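Quick caveat, the model's predicted, so the values are computed rather than measured.
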Amino acid sequence: MTVTIRVFDPAMCCPTGVCGPSIDPELARVSADLEWLRGQGVAVERFNLSQQPGAFAEALVVQQALQERGVECLPLVLLGDRIVAEGTYPARETLAALAGIVVQKQPAAAPKACCPPKTEGGPKR
């Protein structure tokens, strides 16, 4: 079964909001996370209210959320036709879980010693 995650963003100047002189780190993170999901084979669709208002009008659940709660409900994240996040962008781990992907946590690297190990007897001459 193929899942589709759809993200309905508030009005932004470009499709991802990652442009201009001061980039919102949250938008950069979610763009990277969605690109990562695509790389995992997940179908991801992203819509920007200022550039694709028709997509907002066509999705009944999005239209209802906007009518009931206004644009403050954005961003909306849908899994199929069900809202799974509202007003915030989920973390990569949450998006992965929604898509049925298990994320392996990388073990923390052991700290490296700052100095070479001491040897018994001191330096050789």
Taking the six-membered ring for Trp, are Phe47 and Phe56 closer than 6.0 Å centroid to centroid? no
How close do [X] and [Y] get, heavy atom to heavy atom, and via which atoms?
X     : Y     : answer
Pro90 : Thr88 : CD-O, 3.7 Å
Ala59 : Arg6  : CB-NH1, 4.3 Å
Gln63 : Ala57 : NE2-O, 2.9 Å
Ser31 : Arg46 : OG-NH1, 3.0 Å
Ala99 : Leu37 : CB-CD2, 4.3 Å
Ala65 : Ile83 : CB-CD1, 4.2 Å

Determine whether [X] and [Y] make a side-chain contact, defined as any pair of heavy atoms from C-beta on separated by less than 4.5 Å.
X     : Y     : answer
Leu49 : Asp9  : no
Leu78 : Thr4  : no
Arg38 : Val42 : no

Residues passing the ring pair (Phe, Tyr, Trp, His ring centres under 6.0 Å) test with Tyr89, sequence neighbours excluded, are none
For Leu74 and Glu72, run side chain to side chain contact (heavy atoms under 4.5 Å, CB included): C-alpha distance rounded to whole Å, both residues' side-chain angles, the deciding distance at 0.1 Å, then the answer.
CA-CA 5 Å; Leu74 299 175; Glu72 290 76 26; over 6 Å; no
task = Could you walk me through whether Arg92 and Trp36 pass side chain to side chain contact (heavy atoms under 4.5 Å, CB included), step by step?
result = CA-CA 9 Å; Arg92 178 177 292 197; Trp36 176 84; 3.4 Å; yes
The residue among Val30, Leu34, Asn48, Leu76 that forms side-chain contact (heavy atoms from CB on, under 4.5 Å) with Val7 is Leu34
Q.
Pair Cys73, Glu68 - check side chain to side chain contact (heavy atoms under 4.5 Å, CB included), show working.
A. CA-CA 9 Å; Cys73 70; Glu68 292 170 9; over 6 Å; no
The reported gap from CD in Gln52 to CZ in Phe8 (rounded to nearest 0.5 angstrom) is 9.0 Å
Output for pair (Glu93 CD, Ile101 CD1), nearest 0.5 Å, gives 12.0 Å
Arg69 meets the salt bridge (Lys or Arg N to Asp or Glu O under 4.0 Å) criterion, sequence neighbours left out, with Glu86
